[in-house]
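Since the model is a prediction, treat every value here as computed from it, not as a measurement. To find a chain, count down the sequence lines: A is the first, B the second, and so on, and within it residues start at 1.
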Amino acid sequence: MSVKGHVLARIFEALDACERENLWPRVLHRSVPLERPKQAAHGDLATNVAMTMARTAKMNPRDIAQAIVDHLGASPDDPVITAAEVAGPGFINLSLARKLFLSSLAEGFAQRERWGKSRELAGERILVEYVSANPTGPMHVGHARGAVTGDIIARLLKAAGAEVHREYYVNDAGVQVRHLAHSVYVRAQEMVVDTLPYVGFVPDQLAPDDYQGEYIIDVARKLLEPLTRQSREGLITSPFIEILSWLQDAVVDLVMKEMIEPDLALFNIKFDKFFRESELHESGRVREAINTLRGKGLVEKRVLPPPKGQERADDEIPPTSEPLLVMRTTEFGDDVDRPLVKPNNQYTYFAGDVAYHWDKLQRGYTRLINVWGADHAGYVQRVRAAIAALGYDPKVFEVVLVQMVNLVRDGVPVRMGKRSGNFVTLREVIEEAGQDATRVFFTERTSTSQFDFDLALAKKQEDINPVFYLQYGHARAASILRKASERGIELPQVTAENLQGLALPEEMDLVQRLLAYPEVVTGAAKTLEPHRIIAYLKETIGAFHSYLTRYKSTEKVLSDDPVKTRARLALVLALKLTLGNALDLIGVSAPEQMTRTDE
RNA sequence: GCGCCCGUAGCUCAAUUGGAUAGAGCAUCGGGCUUCGAACCCGAGGGCUGGGGGUUCAAGUCCCUCCGGGCGCGCCA
């Protein structure tokens with residue numbers, strides 16, 4: 001049982017005792033917050049139950065707190081609570097038995113790579129959808145943040161005991177893919193035109209909305225590569241519209257297999273499934289979803305009004321007054337109703353997404369977590385509406401909105417566009433900064449914060465980069481253990497007995513920080529906030545360095561006193577395990593030693 | 001104009017989800033390596049938590065309202 005578990009049991013006993021004496025009305029279900037105070041003077045743990053009870057009990061919180069303290073039975077010899085006192089407006093500050101911490105740490109260490117993992121979310125089946133970048137080119141830095149965030153959220157949920165599947169939704173059915181196919185078609189024609197046995201063939205031209213990027217030529221080359229000369233000629237001389245369907249499929253396949261999947265692999269990000277939007281259309285799932293909505297009377301054919309507010313400056317999309325099939329998402333909190341079928345009789349992207357999320361729900365997931373870019377914020381409400389309309393609890397649908405990354409070079413914004421082909425790829429960033437650093441860079445902050453990614457700075461930042469700090473902590477612990485072995489000191493078992501030699505306040509502080517690790521993991525998992533792991537690492541490592549420095553000339557880990565040495569080595573072992581597990585959780589390597597590459 | 005996200009030290013961000021005296025890194029200044037790794041540590045300066053109002057024992061955190069920034073706002077994805 002955890003330290004908090006022991007303490008909670010005692011607090012509940014005390015509450016029971018008070019209620020048996022009718023000091024206040026009995027409450028059946030009560031939560032008791034138990035926190036580690038910021039200030040050491042406030043004890044090892046503190047609770048504010050008394051203050052939360054004051055209102056319903058109609059009593060002074062200090063009086064309640066005092067009654068609880070009186071029934072807590074704290075004494076210096078107690079195996080759990082050695083002292084308890086009322087403080088401030090009604091806090092109860094608790095001092096705990098040293099032995100309790102030490103044996104808890106030993107128990108934790110015994111779990112090895114399982115230390116920090118829990119069964120907190122056991123029974124939940126969670127689908128995490130992330131990246132889902134359009135299959136129209138390589139991934140750029142803008143996708144990196146979502147990729148890292150989604151990956152780590154999946155890892156956190158798994159660590160908390162949930163069954164987790166990772167999915168990438170491939171939008172291979174829209175006009176963008178049509179433009180992609182046409183771009184490749186044109187490039188392929190240009191490559192083959194010279195070898196044609198007859199003259200007079202005129203290649204197509206790239207349309208304004210087609211993709212200009214260099215990589216299109218690569219895709220075209222890869223497309224033609226496996227084909228015989230005859231097939232190549234047949235392909236490029238066929239009218240675009242005739243081979244469109246085949247071409248789209250082939251091109252998306254190439255982009256996914258040759259560009260996106262390898263880049264993700266470079267990042268050590270894997271998916272359980274790449275879900276093709278086209279599957280939903282081909283299998284009739286989209287039609288089925290719309291029919292279901294129709295059966296509920298939520299679909300109608302009508303003219304949608306133009307958007308409110310400012311007039312569109314450009315005339316790209318002419319206003320249409322044709323009636324189209326819309327879903328009444330406004331009945332579920334959306335701003336306006338959303339179209340399902342376009343005037344040209346094609347399904348909208350939204351129609352596909354309704355079917356997709358319906359499919360997810362029918363696969364039995366209890367939670368659907370989508371990691372989306374902030375530019376999709378306006379989309380959340382309509383999908384949630386669809387889920388509610390299909391008869392599911394909209395709360396199962398959660399969206400982590402990852403804010404935009406502004407790419408700058410020396411403070412000057414870098415414009416990016418996939419069509420223009422002007423962008424910095426994910427591959428370039430990873431090759432430049434490394435996987436570990438990129439992961440940390442995108443995980444440090446809350447996903448709601450927007451920030452600039454300065455390419456020039458990223459190079460210079462070697463010393464500033466937080467990843468080194470995180471890894472250095474682990475390496476330094478490893479180094480001490482290595483040094484001990486060099487001196488012929490046997491590494492101790494991490495047991496409560498061996499830890500008994502810990503006496504310094506900084507040592508007990510470290511013990512308590514390590515003991516907090518499992519809660520940090522479950523906390524990060526429950527809030528879907530990966531940055532908490534980084535924050536924990538920074539704080540714990542900071543405390544470790546500080547401890548080592550303070551006692552570097554007085555109380556070293558490897559001292560003349562065998563009892564202290566054994567205890568401190570056991571602490572370092574537990575620390576190294578905890579840091580290693582935490583780094584592993586966020587997909588960052590935990591080196592045994594570090595070597596400087598610069599200077 | 002409407003919707004969503006955000007506003008905390010000069011800069012980049014935290015703050016145990018409503019708790020006690022708001023903390024780190026970078027930058028600036030000043031210290032600390034003959035002995036376990038100085039990619040480190042210690043100290044100093046720097047704050048009306050954008051402004052105002054409200055909710056309560058308690059607000060950076062929740063509600064309202066202004067101000068400022070980002071994203072989105074047809075039938076693109």
Side-chain angles (χ1 to χ4, degrees), chain A residues 33 35-39 41-42 46 48 51-52 54-55 60-62 87-91 93 132-134 136 171 173-177 209 277 304-310 312 316-320 322 324 326 335-336 338-344 346 348-350 352-353 373-381 401 403-404 406 444-446 448-452 461-466 468-469 471-473 475-476 478-484 486-487 516 519-520 523 527 531-532 534-535 538-539 541-542 545-550 552-553 556-559 568 572 593-594 596 598:
Chain A
E35 292 168 353
R36 189 165 177 233
K38 283 179 223 163
Q39 297 178 55
H42 293 152
N48 60 356
M51 289 185 289
T52 64
R55 179 173 291 271
N60 182 327
R62 283 193 64 102
F91 290 102
N93 294 339
S132 299
N134 285 346
T136 52
N171 306 130
V175 293
Q176 297 304 329
V177 172
D209 283 340
E277 183 188 355
L304 280 179
K308 299 158 215 137
Q310 294 172 335
R312 274 296 173 92
E316 265 182 48
I317 304 156
T320 57
E322 287 181 66
L324 33 78
V326 300
D335 299 337
V336 290
R338 307 291 176 178
L340 293 164
V341 181
K342 306 180 210 174
N344 66 7
Q346 290 186 337
T348 60
Y349 176 78
F350 175 58
D353 232 6
D375 52 341
H376 284 63
Y379 208 80
V380 175
Q381 200 56 0
L401 283 179
Q403 289 298 311
M404 300 285 104
N406 304 315
E444 264 190 302
R445 312 152 163 83
T446 53
T448 51
S449 70
Q450 55 204 47
F451 66 96
D452 296 343
Q461 253 180 351
E462 285 232 331
D463 280 350
I464 297 169
N465 202 316
F468 295 110
Y469 190 80
Q471 295 181 321
Y472 181 53
R476 199 172 179 188
S479 171
I480 291 174
L481 299 175
R482 223 173 16 246
K483 186 68 78 178
E486 279 168 25
R487 294 189 190 171
E519 262 184 86
V520 172
T527 53
H531 79 276
R532 291 179 181 223
I534 305 260
K538 284 182 183 171
E539 287 166 11
I541 291 166
H545 285 313
S546 183
Y547 160 68
L548 292 180
T549 305
R550 171 171 293 214
K552 65 192 296 183
S553 55
K556 303 180 63 143
V557 173
L558 307 177
S559 69
R568 289 168 185 165
V572 174
Q593 53 187 314
M594 298 179 74
R596 259 194 183 283
D598 55 355

Can you check whether A:Gln593 reaches A:Ser479 side chain to side chain, under 4.5 Å on heavy atoms?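 No - every pair of side-chain heavy atoms lies 4.5 Å or more apart.
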Would a 4.5 Å heavy-atom cut-off, applied to side chains only, mark A:Val326 and A:Leu304 as touching?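 Touching, per the 4.5 Å side-chain cut-off.
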Roughly how far apart, to the nearest Å, are [N] and [M] at atom [atom1]?
N	M	atom1	answer
B:rC6	B:rA14	C1'	15 Å
B:rC71	B:rA77	C1'	16 Å
B:rC13	B:rA22	C1'	13 Å
B:rG18	B:rC63	P	11 Å
B:rG1	B:rC11	P	28 Å
B:rC40	B:rC66	C1'	47 Å
B:rG45	B:rA24	P	13 Å
B:rC76	B:rU16	P	44 Å

Looking only at side-chain atoms of [X], point me to the closest of [options].
X	options	answer
A:Tyr469	B:rC40, B:rC57, B:rC76	B:rC40
A:Ala535	B:rG19, B:rC4, B:rA14	B:rA14
A:Arg445	B:rA14, B:rA39, B:rG19	B:rA14
A:Pro89	B:rG37, B:rA77, B:rG19	B:rG19
A:Asn134	B:rA77, B:rC41, B:rA20	B:rA77

Euclidean distance, atom [atom1] of residue [X] to atom [atom2] of [N] [Å, nearest integer]:
X	N	atom1	atom2	value
A:His545	B:rG25	NE2	C1'	13 Å
A:Asp353	B:rA77	CG	P	11 Å
A:Lys552	B:rC42	NZ	P	12 Å
A:Arg487	B:rU35	CZ	C1'	8 Å
A:Arg338	B:rC75	CZ	C1'	12 Å
A:His376	B:rG70	NE2	C1'	17 Å
A:Gln593	B:rA38	CD	C1'	17 Å
A:Gln403	B:rC5	CD	C1'	5 Å

Could you tell me whether [X] contacts a base, only the sugar-phosphate backbone, or nothing, with contacts defined as non-hydrogen atoms closer than 4.0 Å?
X	value
A:Glu539	nothing
A:His531	sugar-phosphate
A:Tyr349	base
A:Ser546	sugar-phosphate
A:Asn171	sugar-phosphate
A:Arg532	base
A:Ser553	base
A:Ala54	nothing
A:Leu481	nothing
A:Ser132	nothing
A:Ala484	nothing
A:Val175	sugar-phosphate

Rounded to the nearest 0.5 Å, the NZ atom of A:Lys342 sits from the CG atom of A:Leu324 at a distance of 11.0 Å
Let me confirm one number: the CD1-CZ distance from A:Ile534 to A:Arg445, rounded to the nearest 0.5 Å.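 CZ of A:Arg445 is found 10.5 Å from CD1 of A:Ile534.
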Which is it for [N], anti or syn, if anything within 90° of zero counts as syn?
N	value
B:rC33	syn
B:rU12	anti
B:rG68	anti

Would you say [X] places a side-chain N or O within less than 4.0 Å of OP1 or OP2 belonging to [N]?
X	N	value
A:Arg62	B:rC57	no
A:Lys483	B:rU35	no
A:Arg550	B:rC42	no
A:Thr549	B:rC41	no
A:Tyr547	B:rC42	no

Watson-Crick or G-U counterpart of [N], or none if no pair lies under 3.5 Å:
N	value
B:rG47	none
B:rC73	B:rG1
B:rG25	B:rC11
B:rA58	none
B:rC33	none
B:rA39	none

Show your reasoning for whether side chain to side chain contact (heavy atoms under 4.5 Å, CB included) applies to A:Leu558 and A:Arg487. CA-CA 9 Å; A:Leu558 307 177; A:Arg487 294 189 190 171; 3.7 Å; yes
Assign the ring pair A:His545 / A:Tyr472 to parallel, tilted or perpendicular, where the plane angle (0 to 90°) is split at 30° and 60°. parallel
For the side chain of A:Asp335 and the base of B:rG3, is some donor closer than 3.5 Å to an acceptor across the two? no
Is a donor-acceptor contact shorter than 3.5 angstrom present between the side chain of A:Asp375 and the base of B:rA77? no
Identify the two heavy atoms, one from A:Leu548 and one from A:Val557, that lie closest to each other, and give their separation to 0.1 Å.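 For A:Leu548 and A:Val557, the tightest heavy-atom pair comes out as CD2-CG2, 4.1 Å.
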By nearest heavy atom, map A:Ala377 and A:Ala46 onto RNA chain B; which one lands nearer the 5' end?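 First, find each residue's nearest nucleotide; the 5'-ward one identifies A:Ala377.
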Comparing A:Thr446 and A:His42 on RNA chain B - which has the more 5′ nearest nucleotide: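 Looking at the nearest nucleotide for each, A:Thr446 comes out on the 5' side.
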Aro-ring/base stack A:Phe91-B:rG19, d under 5.5 Å, angle under 30°: no
Test your reading of the model: is there a side-chain donor-acceptor pair from A:Asn134 to the backbone of A:Thr136, 3.5 Å cut-off? no
Test your reading of the model: is there a side-chain donor-acceptor pair from A:Ser546 to the backbone of A:Gly542, 3.5 Å cut-off?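 No, because the side chain of A:Ser546 does not come within donor-acceptor range (under 3.5 Å) of the backbone of A:Gly542.
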Evaluate whether atom CZ of A:Arg482 has more than 12 neighbouring non-hydrogen atoms of other residues, nucleotides or ligands under 6.0 angstrom away. yes
